Amino acid sequence: MATAFKAARAAEKKRKLASDDDDDEETTPAKKPKLRNKQRVLLLSSRGVTSRMRHLMADLAVLMPHAKKDAKLDAKNQLRLLPELADLHSCNNTLYFEARRHSDLYMWAAKTPNGPSIKLHVQNAHTMDELKMRGNCLKGSRPVLSFGSEFDASEWGRLAKEVFTHVFGVPPGARRAKPFVDHILSFSILDGKIWFRNFQILEKDPTATEKEKGKGKGKGKEDGMTLVEIGPRFVLTPIRIFEGAFSGATVFSNPEFVSPAAARSLARRTAGDKYTARKVAQAEREGREEDRRVEEDPLSMRKVFA
């Protein structure tokens, strides 16, 4: 009898505890799921890239530990394959370098599979080996993205800023990323072009900073940090922004952009026009000399005593 009484009391306690837990769950608000940054970038190029282009891609791969490299794409006219390749590699961003005539380099930055995508022309590219600057940063460290105020002044600038944030921003949970932030990726707009620079964050010795303050130096530099450019550096000229990934309606078109092939053709045509003008002037001069020439008199000394 006593055993049955104890079992009944234990069952009653369990019921009370269960009812108290249900009341707590109803009163406490449900926790929102934590958002995770899962940005992954597929990095690849087309056939025909030169050594300089290949080294530039290698430098960007070092700066983006969340990127996955793939083999070169054979078909230049089949960009619709890129969203499928990105899906196979579990990437939601694509950075594609397209080489033309072994001299012109174009860069595509796209959000896959739904877009948007930006086509840019790469100019004045300098790799880390070419610059030979004294700065250095930890391989795999996360960067701080710095965008100029010019990006917020136009619609295409705001869209490009968002795409570049997803492409170049390294998520904290990336597999090969280090838990350090020691460099800055700077994007600025000047003359309708996007200028890319990479700076290292140098922290001075705190003891040396205190000594400078004691001597009256270092006023306004309480943090003791400086920036040193590392590289690479290049300039991007926006050409078009498409609504989809590598396709779709044109959202923005740069009316001031002139393709490198058209610029070279214009230069050759200008040189050809100079040559044609010189030949026309030479023919006119010879014609004037022919008109000024006087016919020889048949009774001249040379004719008579010939």
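Nothing fancy with the numbering, it's 1 onward along the sequence. Here the structure is a predicted model, which means the values were calculated and not measured.
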Under a 4.5 Å cut-off applied to non-hydrogen side-chain atoms, are [X] and [Y] in contact?
| X | Y | answer |
| --- | --- | --- |
| L202 | L227 | no |
| V251 | P116 | no |
| V122 | M53 | no |
| L105 | M57 | no |
| F147 | T165 | yes |
| W108 | L82 | no |
| L185 | F164 | no |
| L56 | T127 | yes |

So for atom [atom1], which belongs to [X], do other residues, nucleotides or ligands contribute more than 12 heavy atoms lying within a distance under 6.0 Å?
| X | atom1 | answer |
| --- | --- | --- |
| R158 | CZ | yes |
| K72 | NZ | yes |
| E155 | CD | no |

Contacts of A86 meeting side chain to side chain contact (heavy atoms under 4.5 Å, CB included) (sequence neighbours excluded), chain-then-number -> L42, C91, T94, T112
Practice task
With sequence neighbours left out, write down each residue that passes side chain to side chain contact (heavy atoms under 4.5 Å, CB included) with A153, or none if nothing qualifies.
Solution key: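 Checked A153 against side chain to side chain contact (heavy atoms under 4.5 Å, CB included); zero matches.
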Hey, quick one: are [X] and [Y] part of the same hydrophobic cluster, counting side-chain heavy atoms closer than 4.5 Å, chains of contacts allowed?
| X | Y | result |
| --- | --- | --- |
| I118 | F252 | yes |
| M225 | I184 | yes |
| M107 | L159 | yes |
| I239 | V235 | no |
| L79 | L95 | no |

Is the shortest side-chain N to carboxylate O distance from E162 to K111 below 4.0 Å?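 So E162 does not pair with K111 through a salt bridge.
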Of the non-hydrogen atoms in [X] and [Y], which two are nearest, and what is the gap between them?
| X | Y | value |
| --- | --- | --- |
| A125 | R52 | O-NH1, 3.1 Å |
| P238 | N254 | O-ND2, 2.9 Å |
| G231 | N198 | O-ND2, 3.0 Å |

Is a donor from one side chain sitting under 3.5 angstrom from an acceptor on the other, for T237 and K193?
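The criterion, which ignores hydrogens and geometry beyond distance, is satisfied for K193 and T237.
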Would you confirm whether [X], through its side chain, and [Y], through its main-chain N or O, come within 3.5 Å as a donor-acceptor pair?
| X | Y | answer |
| --- | --- | --- |
| N93 | V167 | no |
| H66 | R40 | no |
| R197 | E229 | no |
| D182 | S141 | no |

- Task: Assess whether side chain to side chain contact (heavy atoms under 4.5 Å, CB included) is satisfied between D104 and R264, documenting all intermediate values.
- Result: CA-CA 11 Å; D104 305 330; R264 288 191 295 267; 3.1 Å; yes
Listing, residues 240-248 side-chain donor-acceptor contacts under 3.5 Å, not counting sequence neighbours, or none:
| from | atom 1 | to | atom 2 | distance (Å) |
| --- | --- | --- | --- | --- |
| R240 | NH1 | T250 | OG1 | 3.3 |
| S247 | OG | A245 | O | 3.4 |

Relative to each other, are the rings of F168 and F187 parallel, tilted or perpendicular (30° and 60° limits)?
tilted
Is there a side chain to side chain contact (heavy atoms under 4.5 Å, CB included) between S46 and Y96? Walk through the geometry before answering.
CA-CA 8 Å; S46 64; Y96 174 64; 3.1 Å; yes
#### Entry: Verdict with reasoning, F97 to Y106, per ring-ring contact (aromatic ring centres under 6.0 Å, His included)
CA-CA 6 Å; F97 289 88; Y106 297 88; over 10 Å; no
